[in-house]
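Report on the following structure.
Letters A, B, ... mirror the listed sequences (proteins, then strands); counts begin at 1.
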Protein chains: 2
Amino acid sequence: MVAHRTIERLSVYRRIGTLMHGKGTMHVFSHELAARSGSTAAQVRRDLMLAGITGSPAKGYLVSALIARVNAVLDHPEGLQVALIGVGNLGRAFLAYFLGRKANLNIVAAFDADPAKVGRVIQGCRCLPMQDLVPTCRSLGVHVGLVTVPADQAQAVTDALLEAGVRGILNFAPAKIRVPEGVFVEHVDITALVEKVGYFAARQNKETP
Amino acid sequence: MVAHRTIERLSVYRRIGTLMHGKGTMHVFSHELAARSGSTAAQVRRDLMLAGITGSPAKGYLVSALIARVNAVLDHPEGLQVALIGVGNLGRAFLAYFLGRKANLNIVAAFDADPAKVGRVIQGCRCLPMQDLVPTCRSLGVHVGLVTVPADQAQAVTDALLEAGVRGILNFAPAKIRVPEGVFVEHVDITALVEKVGYFAARQNKETP
DNA sequence: ATCGCACTGTGAACCACTTCACAATGCACA
DNA sequence: TGTGCATTGTGAAGTGGTTCACAGTGCGAT
Ligand SMILES: NC(=O)c1ccc[n+]([C@@H]2O[C@H](COP(=O)([O-])OP(=O)(O)OC[C@H]3O[C@@H](n4cnc5c(N)ncnc54)[C@H](O)[C@@H]3O)[C@@H](O)[C@H]2O)c1
Ligand SMILES: NC(=O)c1ccc[n+]([C@@H]2O[C@H](COP(=O)([O-])OP(=O)(O)OC[C@H]3O[C@@H](n4cnc5c(N)ncnc54)[C@H](O)[C@@H]3O)[C@@H](O)[C@H]2O)c1
């Protein structure tokens, strides 16, 4: 079990490593990963240490070993199975982005309550009705649910996902969702983020330099 | 200058307060805000204290005072002016969501490099060419830029925003962007978040309970 | 063969944020 | 008027994550 932030950064290091691998680069130093990931060399070294990745002072880290080890830490044996609920503006953007992109991250099903959307193929993925959610997610072994429905529907959708055995939820609706112990929820509140950036954009240089 | 996380939560408390205000609720206790925001009562009280919001042990916090004080802390006098760069799948979702929604958060301009998109009105907002970015953002006094272009274009777009005087950037491209001292950047890496949820979904109950 | 050097791996210090714990408050009810 | 009680406001302690700082390493130059 590795720390929260470290897991996020490992995903980033893997992306950078994959990019370098494609260009034929064999080795990478912590300070290079730091510069490309927006971190620090010490942070990178600690993260890689926690993931069990070792390098040599002379050559740095072997890119292929880094990728392999991050795969071993992050990935599920048969790939990460993801379901998306709410094929609206945001949901369609995610479908377009993730479908057919990463081998180890598959959106395997999309659901919506709107009869006008159900049955249609949107961004290459068939949109299924909500009553199919539990059986379909169960039989596909879905690990993660992406919730992109209106705020007042988020809890109902969450409950359905829980019933389907999903144990990780990424929630974009501006609503708190309740889950039992042992289920992991990440809440992304885009409005709050924009307002935060607005606040610090104004304040950065003023007050206590 | 209030702490990072506190600012994000203040935005959430305001949303909850606004909702309650609409329903005619006059007062709210810290534990109610905690339950609705996914925080704890102690955290809420500390946040409100930092923002200069006070309540009474008998009635809790006055909702209208809470909203007014968060407005005073977070908001820019004439509203937060936001520009969006990259009217693709994600950018269009943001336009649809934010346009005409919040009085104090306005997407005032959208830009794209694609000649097929420039000039068209997308989600009710005219899409402008990139050469207009610097003069337009300057004259509108844009505070925040939303970057939703491909990763390899993120730095170029950032540089244009900086030249236009923008001092806060919310970056959705999976690329680190360099900015001078005093400019605030928030980076949202959706892929890394999905992978993190996948990791903890699997690990939650196993290992060290 | 030896030296200098840039880098790794990691204990320890540091820092930011969260939670605990409790005195102070003021309404409800007797 | 007095007693009980749920809640606020906030020092102090706790937690988790980051950065410092340096001993240890092995290549490349001499
Ligand atoms: N789009 C953005 O930029 C943005 C920004 C911040 C937050 N959000 C949040 O993300 C969520 C989705 O936003 P959006 O812009 O895509 O909204 P949207 O209205 O375009 O899409 C919502 C979709 O959910 C479907 N839906 C509604 N109830 C459902 C239910 N019970 N079960 C299944 N599907 C249901 C609707 O049919 C619709 O297709 C909302 O909660 C919104 O507040 C979006
Ligand atoms: N859509 C998602 O779900 C998702 C998820 C994770 C990350 N992202 C990231 O968000 C960004 C946008 O994603 P998207 O799905 O909307 O991509 P997209 O290809 O649909 O849209 C990108 C838009 O940017 C425009 N553009 C390209 N170069 C530009 C430039 N130099 N200046 C101005 N505009 C330019 C394109 O014309 C296009 O309209 C990408 O970096 C992507 O990696 C998106």
Side-chain angles (χ1 to χ4, degrees), chain A residues 1-13 17 20 25-63 65-66 69 176 184 186-187 192 196 199-200 203-204 207-208, chain B residues 1-13 17 20 25-63 65-66 69 176 184 186-187 189 192-193 196 199-200 203-204 207-208:
Chain A
M1 177 76 85
V2 179
H4 240 250
R5 298 295 185 84
T6 295
I7 290 295
E8 272 178 60
R9 286 188 297 262
L10 286 176
S11 166
V12 175
Y13 303 150
M20 297 179 106
T25 309
M26 302 289 276
H27 295 87
V28 61
F29 291 119
S30 62
H31 63 85
E32 295 177 284
L33 283 171
R36 284 158 165 271
S37 69
S39 189
T40 66
Q43 183 72 77
V44 170
R45 291 202 300 279
R46 169 122 1 227
D47 288 338
L48 298 187
M49 188 193 80
L50 291 170
I53 298 164
T54 61
S56 80
K59 290 288 209 161
Y61 299 88
L62 189 62
V63 172
L66 183 149
R69 192 80 191 92
K176 192 217 164 184
F184 185 85
E186 179 83 15
H187 183 192
K196 179 172 89 166
Y199 177 83
F200 285 110
R203 303 295 187 290
Q204 275 282 313
E207 318 184 37
T208 55
Chain B
M1 177 76 86
V2 179
H4 249 246
R5 298 293 185 85
T6 294
I7 291 294
E8 271 178 61
R9 284 188 299 263
L10 285 176
S11 165
V12 175
Y13 303 149
M20 298 179 106
T25 309
M26 301 290 276
H27 295 88
V28 62
F29 292 119
S30 61
H31 63 83
E32 296 176 285
L33 283 171
R36 285 158 164 271
S37 69
S39 188
T40 65
Q43 182 73 77
V44 170
R45 290 202 301 277
R46 168 117 10 221
D47 288 338
L48 298 188
M49 188 193 80
L50 291 170
I53 298 164
T54 61
S56 80
K59 291 287 209 161
Y61 300 88
L62 189 63
V63 173
L66 182 150
R69 192 78 192 95
K176 191 217 165 184
F184 186 85
E186 180 83 16
H187 183 191
D189 190 328
L193 290 174
K196 178 171 88 166
Y199 176 85
F200 285 109
R203 304 294 186 292
Q204 275 283 312
E207 317 182 36
T208 56

At what distance, to the nearest 0.5 angstrom, does OH of B:Tyr61 lie from CG of B:Leu48? 5.0 Å

Working to the nearest 0.5 Å, report the span between CZ of A:Arg45 and OG of A:Ser39. 11.0 Å

Can you tell me how the ring of A:Phe200 sits relative to the ring of B:Phe184, calling it parallel under 30°, perpendicular over 60° and tilted otherwise? parallel

Rounded distance [0.5 Å steps], OG in B:Ser30 versus CD1 in B:Ile53: 12.5 Å

Atom CZ of A:Arg9 to atom C1' of D:dG17: distance rounded to whole Å? 8 Å

Working to the nearest 0.5 Å, report the span between CG of B:Leu193 and CD1 of A:Ile7. 12.5 Å

Contact boundaries on DNA chain C for chain A, cut-off under 4.0 Å to non-hydrogen atoms: C:dC7 to C:dA12

Could you write out each protein N or O paired with an N or O of nucleotides 1-4 of chain D at a distance under 3.5 Å?
none

Any side-chain heavy-atom pair of A:Tyr199 and B:Leu10 under 4.5 Å: no

Which distance, rounded to the nearest 0.5 Å, do you find between the NZ of A:Lys196 and the NE2 of B:His4? 5.0 Å

Do A:Arg36 and A:Met20 come within less than 4.5 Å of each other through their side chains, counting heavy atoms only? yes

Would you say that B:Asp47 contacts B:Leu33 through its side chain, given a criterion of any heavy-atom pair below 4.5 Å between the two side chains? no

Evaluate the side-chain proximity of A:Leu62 to A:His27: yes if any heavy-atom separation is below 4.5 Å, no if none is. yes

Polar pairs (N or O, both sides) under 3.5 Å between protein and nucleotides 8-14 of chain D?
unit_1	atom_1	unit_2	atom_2	d
D:dT8	OP1	B:Ser30	N	2.9
D:dT8	OP2	B:Ser30	OG	2.6
D:dT8	O3'	B:Gly55	O	3.3
D:dG9	OP1	B:Gly55	N	2.7
D:dG9	OP1	B:Gly55	O	3.1
D:dG9	OP2	B:Tyr61	OH	2.6
D:dG9	N7	B:Arg45	NE	2.8
D:dG9	O6	B:Arg45	NH2	2.9
D:dG11	O6	B:Arg46	NH2	2.5
D:dA12	N6	B:Arg46	NH2	3.4

I want to check one thing: is the phosphate of D:dG17, taken as OP1 and OP2, less than 4.0 Å away from some side-chain N or O of B:Arg5? no

What integer distance in Å separates A:Met26:CE from D:dC27:P? 16 Å

